[in-house]
Each structure stands twice: as structure tokens, then as C-alpha cells.
Amino acid sequence: MSDQRRTLIQMLRQLLKEMEIVSSQGAGYYTCIPFAHRYNKLLDQARALFPSGGIIDSFEPMEEADPKDPGDKSKALLGIRIEISQLITLLESTGEGAKS
């Protein structure tokens with residue numbers, strides 16, 4: 001597995017941990033914007049690993065918005081978490097030495 005791929009995976013996992021810490025403090029006390037912004041930047045880096053496209057094209061940037069309603073904030077973070085987990089899975093499954 002390339003160093004860049006390994007680094008991206010670690011950064012995505014760390015982003016998940018940071019999201020968990022912040023969201024555990026209560027939905028009314030955090031913003032979704034930094035998480036969406038960072039995910040979008042990491043997605044751009046991951047796209048460079050797939051020059052011919054393919055399944056990476058099923059990922060779209062997340063809206064960098066901050067819902068006011070706590071329920072909507074939770075939904076936004078859940079969406080970001082799902083995308084991060086799926087991106088980690090893609091990066092791991094397509095890395096050098098990945099089982100076919």
C-alpha cells in the first residue's frame with residue numbers, strides 16, 4: 001500500500017474519532033462545517049489515486065453547511081461518517097496487495 005494511501009486512511013480514521021468526540025458533547029454545541037470541509041479535501045486527495053475514475057466517482061463532496069437544528073446536525077454528521085467509512089473501505093480494498 002502506498003504511503004499516500006496509508007496516510008489518507010489514517011487521517012480519515014482520525015477525523016472519525018474527532019467527530020465522535022465533538023458530537024458526544026451535544027448536538028447544539030458543534031458545527032458540521034470543519035468536518036465536511038476536511039472530508040472534501042481528503043476526498044480530493046483520494047481521487048488522485050484513481051486517475052481512471054471508477055467507483056471513486058460515486059463519492060461526492062459534502063455540503064459545507066451548518067444546520068441550526070440539532071437533529072439536522074446529527075443527520076449531517078451521520079452522512080459524513082458514512083462517507084468517510086466507505087472511503088476508508090475503498091482505499092483499503094484497492095490498495096497494493098489487497099485481496100481480490
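Note: hydrogens, waters and symmetry copies are ignored here, and every other heavy atom, side chains too, is used.
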According to side chain to side chain donor-acceptor pair (under 3.5 Å), who are the partners of [X], at least two apart in sequence or on a separate chain?
| X | answer |
| --- | --- |
| Glu20 | none |
| Gln10 | none |
| Arg13 | Glu92 |
| Arg81 | Ser23 |

Next on the checklist: Taking side chain to side chain contact (heavy atoms under 4.5 Å, CB included) as the definition, give me every residue that meets it alongside Lys75, ordered by chain and number, with sequence neighbours left out.
Outcome noted: Asp72

Item to check | Results of side chain to side chain contact (heavy atoms under 4.5 Å, CB included) for Ala46 - residues two or more places apart only | outcome: Leu8, Ile56, Leu87, Leu91

Next on the checklist: Would you compute the distance between atom OG1 of Thr31 and atom CD of Glu64 and round it to the nearest 0.5 angstrom?
Outcome noted: 10.0 Å

Item to check | Distance in Å, Leu16 CG paired with Tyr39 OH, rounded so as to fall on 0.5 Å steps | outcome: 11.0 Å

Item to check | Residues forming a salt bridge (charged side-chain N to carboxylate O under 4.0 Å, His left out) with Asp44, sequence neighbours excluded | outcome: none

Next on the checklist: Taking CD1 in Ile55 as the centre, count heavy atoms belonging to other residues, nucleotides or ligands within less than 6.0 Å. Is the count above 12?
Outcome noted: no

Item to check | Members besides Leu78 in its Ile/Leu/Val/Met/Phe/Trp/Tyr cluster (side-chain heavy atoms under 4.5 Å) | outcome: Ile82

Checklist entry - Tracing side-chain links under 4.5 Å among I, L, V, M, F, W and Y, which residues wind up in one group with Ile21? => result none

